[in-house]
2 protein chains.
Amino acid sequence: MKYSASKEDHLKAIFHLQSEQGVVTTNALAEALQTRPASVTDMLKKLKEQKLLLYERYKGFRLNNEGKKVALQIIRKHRLWEYFLVKKLQFGWDEVHEMAEELEHISSKKLVERLDAFLGFPETDPHGDPIPDSQGRFTSPRQLSLAQLPLNKVAEVSGISRQTTEMLELLQHKKIGLGTKLEVRRKFPFDNSLEIKIRNYPPVTISSLVAKNVLVKDEE
Amino acid sequence: MKYSASKEDHLKAIFHLQSEQGVVTTNALAEALQTRPASVTDMLKKLKEQKLLLYERYKGFRLNNEGKKVALQIIRKHRLWEYFLVKKLQFGWDEVHEMAEELEHISSKKLVERLDAFLGFPETDPHGDPIPDSQGRFTSPRQLSLAQLPLNKVAEVSGISRQTTEMLELLQHKKIGLGTKLEVRRKFPFDNSLEIKIRNYPPVTISSLVAKNVLVKDEE
DNA sequence: ATTTAATTTTAGACAAATCTAAAATTTAAA
DNA sequence: TTTAAATTTTAGATTTGTCTAAAATTAAAT
């Protein structure tokens with residue numbers, strides 16, 4: 001099956017919101033896609049029609065297995081192209097998103113597989129996000145945000161999702177960077193701030209906002 | 001400016017027909033694009049509107065400078081991607097066209113330039129067609145097959161690609177050899193055979209198969 | 001438990017690209 | 001040169017994806 005770029009964009013955005021927020025709303029999806037809620041509703045009906053989505057009016061929606069499968073293939077392509085742009089064409093990690101948004105809609109299955117091989121079957125993209133394999137499985141250990149990490153479990157920083165100068169500056173000050181090994185010592189429910197322990201340093205506190213944007217991966 | 005994939009397809013097809021056949025007709029364009037003459041007319045009006053085409057109803061049409069510039073950029077992208085697919089992803093030269101048809105619409109100017117550099121600034125694509133530079137100029141001296149030579153343009157035979165005894169025998173009989181100066185007088189769409197004129201000789205006809213294997217270069 | 005507010009959906013419209021069938025125009029032929 | 005044939009264009013419809021404004025539904029607040 002082949003779907004329009006717009007349908008693919010919707011599936012991908014639903015997938016992301018679904019795994020980040022757990023639940024997806026019409027408004028959130030419209031916001032993510034820079035479109036209007038009414039347009040989203042229109043598209044939801046079409047996706048349901050094509051059996052990619054479970055949807056009942058006013059009751060919410062979520063991807064079914066087929067929808068997830070399609071979304072994962074788009075994500076796979078997006079991340080492989082990002083990897084290509086950064087590692088082969090020498091782009092910075094912060095300038096490749098837009099281009100990958102276009103390239104992810106190139107349809108040839110065979111092209112994706114050859115590209116994957118050409119790149120040496122990378123497991124994560126330049127931002128540290130895992131690249132699904134051709135069956136949509138994450139071969140790589142999966143990434144979660146610091147906010148989601150269980151207490152007292154050692155993990156390694158593998159990515160930063162929102163890369164603003166201000167945040168990077170803050171992280172640098174707290175000695176947190178790619179590859180840093182750390183664990184969460186306490187969670188304060190009042191403001192969802194966390195106390196973090198990095199080996200050989202005294203504990204530091206970070207806000208919920210920062211925690212959400214620091215991605216880590218479990219030790220095997 | 002950014003144009004739709006369909007507009008780009010039309011511009012490119014017009015460019016090719018224009019340089020191969022000298023003149024382009026609505027029907028020929030519809031045929032080349034696998035669409036209907038009525039649809040072509042619709043698009044011609046839009047392209048004229050956007051000042052990419054000189055067009056007057058029933059009187060014919062041709063690209064203006066801006067239109068040619070856009071077409072050449074699409075062709076540039078197409079051929080660079082073909083080169084990439086063959087040289088880097090190990091595809092055969094005969095399986096890359098479809099993929100390049102999609103890739104040629106990726107818009108980032110910067111991506112094209114980086115890709116060009118990554119590939120080592122190739123001068124021709126895997127089929128031997130020249131790759132226009134970023135200003136739309138053909139940097140490479142061009143060798144093309146007799147089948148690609150525009151009508152009534154004098155050229156000199158510069159090579160024979162498939163050298164079988166049978167073909168050389170045939171060419172000798174028609175008085176065609178290295179260095180022969182000739183021009184194409186007519187093209188018969190029915191079987192793609194050509195009528196060739198060599199100075200001081202009466203016209204001769206050669207088949208499409210032969211034409212494809214005789215390489216010529218333009219007089220400067 | 002009503003009322004108010006927020007969310008979501010519908011109804012109806014629009015732009016882009018395409019189509020079919022019919023009309024206009026040009027070209028070729030008798 | 002008048003008729004016939006081929007080409008090209010128009011008129012009107014269709015599909016896809018989008019929009020605005022208004023209505024329907026659900027959630028929140030007093």
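A note on names: the letters A, B, ... follow the listed sequences, proteins ahead of strands, and every chain is numbered from 1. All values below come from the heavy atoms of this structure, side chains included, with hydrogens, waters and symmetry mates left out.
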* Name all residues meeting the side chain to side chain donor-acceptor pair (under 3.5 Å) criterion together with B:E195; count only those two or more places apart in sequence or in a different chain, and write none if there are none. => none

Expected output is a numbered-order residue list: members of [range] with a heavy atom under 4.0 Å from any atom of DNA chain D. What is it?
| range | result |
| --- | --- |
| residues 25-40 of chain A | A:T35, A:R36, A:A38, A:S39 |
| residues 4-11 of chain A | A:S4, A:S6, A:K7, A:H10 |
| residues 41-53 of chain A | A:D42, A:M43, A:K46 |

Looking at [Y], is its backbone amide N or carbonyl O close enough to the side chain of [X] to form a donor-acceptor pair, meaning the two atoms are under 3.5 Å apart?
| X | Y | answer |
| --- | --- | --- |
| A:R62 | A:V24 | no |
| B:K197 | B:Y201 | yes |
| B:R114 | A:Q90 | yes |
| A:N64 | A:K51 | yes |

Could you list the protein-to-nucleotides 22-29 of chain C atom pairs, N/O on both sides, closer than 3.5 Å?
from	atom 1	to	atom 2	distance (Å)
C:dA24	N3	B:Y58	OH	3.2

* Contact under 4.0 Å: B:Y55 side-chain N or O vs D:dT9 OP1/OP2 -> yes

Please table the atom pairs, donor to acceptor, closer than 3.5 Å between any side-chain atom in residues 105-112 of chain A and protein atoms at least two apart or in another chain.
from	atom 1	to	atom 2	distance (Å)
A:H105	ND1	A:E8	OE1	2.6
A:H105	NE2	A:D9	OD1	2.9
A:H105	NE2	A:E101	O	3.3
A:S107	OG	B:E102	OE1	3.4
A:S107	OG	B:E102	OE2	2.6
A:S108	OG	A:K110	N	3.3
A:S108	OG	A:L111	N	3.0
A:K110	NZ	B:E95	OE1	3.1

* To do: Scan A:F61 against the nucleic acid and name what it touches under 4.0 Å (heavy atoms): base, sugar-phosphate only, or nothing.
  => nothing

* Asked: Would the number of heavy atoms belonging to other residues, nucleotides or ligands and lying under 6.0 Å from NZ of B:K88 be above 12?
  -> yes

Side chains of [X] and [Y]: does their closest heavy-atom pair fall under 4.5 Å?
| X | Y | answer |
| --- | --- | --- |
| B:I74 | B:L11 | no |
| B:I176 | B:V210 | no |
| B:Y55 | B:T41 | yes |

* Asked: How long is the line joining CD of A:E56 and C1' of C:dT8, in whole Å?
  -> 14 Å

* Looking only at heavy atoms, which two atoms of B:A32 and B:L17 are closest? And how far apart? -> CB-CD1, 4.2 Å

* Asked: What is the distance from atom CG of B:L103 to atom CG of B:L115, rounded to the nearest 0.5 Å?
  -> 9.0 Å

* Asked: Between A:K77, A:R76, A:H78, A:Q73, which is the residue that forms a side chain to side chain donor-acceptor pair (under 3.5 Å) with A:E104?
  -> A:H78

